[in-house]
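Within every chain, numbering begins at 1; the chains are lettered A, B, ... in the order of the sequence lines, protein sequences first and strands thereafter.
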Amino acid sequence: MKNKIRVRFAPSPTGPLHIGGLRTALYNYLFAKKNNGTFILRIEDTDKKRLIKNSKKYIIDSLKWCKIKYDEGYKKKGKYGPYIQSKRLNIYKKYLKILIKKKLVYFCFDNKKDIIKYKKKYKNFLYNSLTRKKLKNTLNKKKIFIKKKFKKYVIRIKTPKNKNIIFYDKIYGKIKINTNKIDDKIIYRSDKTPTYHFANVIDDYLMNITHIIRGKEWIYSTPIHIIIYNYFKWKIPIYIHLPLILNNKKQKISKRNFNIKKNIFPIYPIKSKYKNLKIKNSYEEIGILPESLLNKLLLLGFYSNKINNNILNLKQMIKLFTFKNVNKSDIIFNYKKLCWINKIYIKNNKVKIIKKIFILLINKIKKKKKYIKYNNIKINKIINLILNRIKLINIKNIWNVCKYFFKKPDKYVINKNLKKKIINFKTKILFYLLKINFFYIKKKKINLFKKIKKINKKYIIIIFKILRISIIGNLKGINIIYIFKILNNKEIINRINIFIIKNKKLFTNTKFRKNII
RNA sequence: AGCCCAUUAGUCUAUUGGUUAGGACGUCAGAUUUUCAUUCUGGAAAGAGGGGUUCAAUUCCCCUAUGGGCUACCA
């Protein structure tokens with residue numbers, strides 16, 4: 001029987017998880033689910049110096065937000081625990097001893113200064129079979145001037161001499177690297193903790209990991225891992241390296257402030273209460289939904305003939321997922337496409353989204369007394385009106401689209417053309433505005449727009465525009481008829497009158513008229 | 001500097017030894033709309049360059065260029 005597929009996502013808590021890591025997690029998750037396998041979360045925290053507080057929590061919170069559930073791992077039960085490397089140090093020691101016994105590793109006494117010297121002395125200096133016997137270590141029998149007990153040392157793995165390490169990556173295909181071109185990597189630090197290369201291999205073996213899915217930056221370290229597997233005579237897992245995600249300047253993504261004009265996009269999924277993580281922007285805050293973000297992350301370098309319009313939910317992603325359809329080249333992240341996906345998602349999931357917006361709006365209105373209050377039915381009507389105008393689900397965005405339902409405009413944006421037209425037809429227009437007022441006072445709401453449409457065509461456009469400006473402050477936005485249906489009569493009359501009073505000059509002052517013309 | 005990897009429009013990508021090189025986002029134009037948004041219709045836009053192999057190359061091979069990764073007591 002086939003072994004069950006087991007994959008792991010193994011972030012190190014040296015900072016908050018960003019979209020690169022999240023993509024790796026997603027691909028691991030999809031591959032596991034597709035093949036009925038197990039998805040494991042392992043925390044790789046062997047580097048004490050670089051640990052950042054709360055980043056473990058952030059990683060877990062991010063996965064939760066995205067609804068990527070792991071079957072085994074940190075903070076969860078499982079046969080293969082502990083799933084955090086700092087609690088596995090004894091295990092690593094045990095396996096280290098085996099390598100020491102077999103003399104496949106050696107103790108090395110060089111400090112940083114020594115290595116800098118070597119690098120100056122020898123071009124492209126490497127610690128390997130060609131050089132190691134000349135340097136300060138336990139293999140150099142002539143020059144052991146320091147005994148282990150008294151001096152700091154690290155443990156390096158012996159790389160074989162002039163051997164081609166070949167492996168077949170599921171995405172990149174055959175990769176060949178000669179051992180003369182790689183270092184005798186440090187597998188144990190002088191503080192007696194294992195480095196990534198060692199802990200990672202031991203854990204993957206002990207946890208029965210069958211497929212290693214990780215970023216492309218690991219390709220060149222893979223031979224070291226293979227050498228370790230070979231020394232233990234363990235079965236080598238299948239390697240799958242993922243292309244990197246780049247920003248629009250073709251750089252590896254890094255911490256950046258959000259700026260849509262410069263095409264700088266956020267790299268963190270969620271906001272965090274932990275200030276030390278220094279997260280200034282996140283997709284959660286901006287208003288990208290987790291479903292959209294995952295959809296976009298899947299499409300980075302992925303294609304399928306079966307995708308009609310790029311929009312996939314998690315179930316569909318699992319169904320379609322295969323590494324055969326992942327491209328090799330690095331990917332520039334297209335933020336605008338993400339926004340488009342988000343927009344489509346909003347459109348396709350109206351009910352869910354309406355709830356979200358509802359809560360945001362109610363909270364906003366509650367806070368301030370001066371805002372007009374509506375009952376839930378009307379709030380729902382408002383949300384339906386703004387729904388196809390929203391790409392991002394955040395309160396700022398939503399408020400900008402619909403604030404005029406709740407308060408009078410702060411200012412009026414009138415262009416010169418419109419001003420000219422108002423001045424030219426001022427008496428007529430004023431007449432109609434007052435007429436509208438009159439209708440409203442008489443509560444003849446229903447007939448209003450029919451009446452307006454009977455007006456000479458010359459004036460209709462101008463009147464609509466003036467109404468729009470007086471009610472919402474500018475010329476863009478929801479159909480004014482719908483706005484009239486939501487606002488109450490008093491409010492409408494009030495706003496029109498305020499507009500007339502505040503723009504008296506347009507209707508009366510002849511000096512102003514001269515200036516304009 | 002050495003090694004590894006990649007290269008189809010602005011971006012993500014499809015297909016193919018013979019195609020008008022297809023799609024999506026973006027962009028531009030038109031229609032709808034009192035306006036904006038939505039929606040619809042249409043347009044512009046690509047095989048990095050140079051050599052081979054071949055009747056025929058974007059596709060196969062080589063070189064160059066460009067981009068990226070690794071060369072840490074980081075992962």
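Within the structure, salt bridge (Lys or Arg N to Asp or Glu O under 4.0 Å) pairs that include any residue of residues 398-412 of chain A comprise A/Lys407-A/Asp410, A/Lys408-A/Glu491 (at least two apart or interchain). Sorted pairs that involve residues 237-247 of chain A and meet salt bridge (Lys or Arg N to Asp or Glu O under 4.0 Å), not counting sequence neighbours, are lacking altogether.
A/Lys48 comes within 4.0 angstrom of no nucleic acid atom, judged by non-hydrogen atoms across all strands. Among the heavy atoms of the strands, none lies under 4.0 Å from A/Asn200. Using a 4.0 Å heavy-atom cutoff across all strands shown, A/Thr46 reaches sugar-phosphate atoms only and no base atom.
Side-chain N/O atoms of A/Asn327 and A/Ser329 include no donor and acceptor closer than 3.5 Å. A donor-acceptor contact closer than 3.5 angstrom links the side chains of A/Asn178 and A/Asn162.
Considering only the side chain of A/Ile175, B/C4 comes nearest among B/C4, B/U34, B/C12. When each of B/U13, B/A24, B/U27 is scored by its nearest atom to the side-chain atoms of A/Asn327, the top-ranked nucleotide is B/U13. Ranking B/A72, B/A37, B/C4 by closeness to the A/Asn388 side chain, first place goes to B/A37. Among the nucleotides B/A72, B/C25, B/U34, the one closest to the side chain of A/Trp340 is B/C25. Comparing B/U34, B/U38, B/A6 against the side chain of A/Phe464 picks out B/U34 as the nearest.
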What does the list of N/O pairs under 3.5 Å between the protein and nucleotides 62-70 of chain B look like, with a distance for each?
from, atom 1, to, atom 2, distance (Å)
B/G68, O2', A/Asp330, OD2, 2.9

Shorter than 3.5 Å, N or O on both sides, protein versus nucleotides 58-61 of chain B: list them out with atom names.
none

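With hydrogens and angles left out, the side chain of A/Lys112 and the base of B/A72 share no donor-acceptor pair within 3.5 Å.
Remark: A/Arg468 engages no residue in a salt bridge (Lys or Arg N to Asp or Glu O under 4.0 Å) (not counting sequence neighbours). Residues that satisfy the salt bridge (Lys or Arg N to Asp or Glu O under 4.0 Å) test with A/Asp169, not counting sequence neighbours, are absent from this structure.
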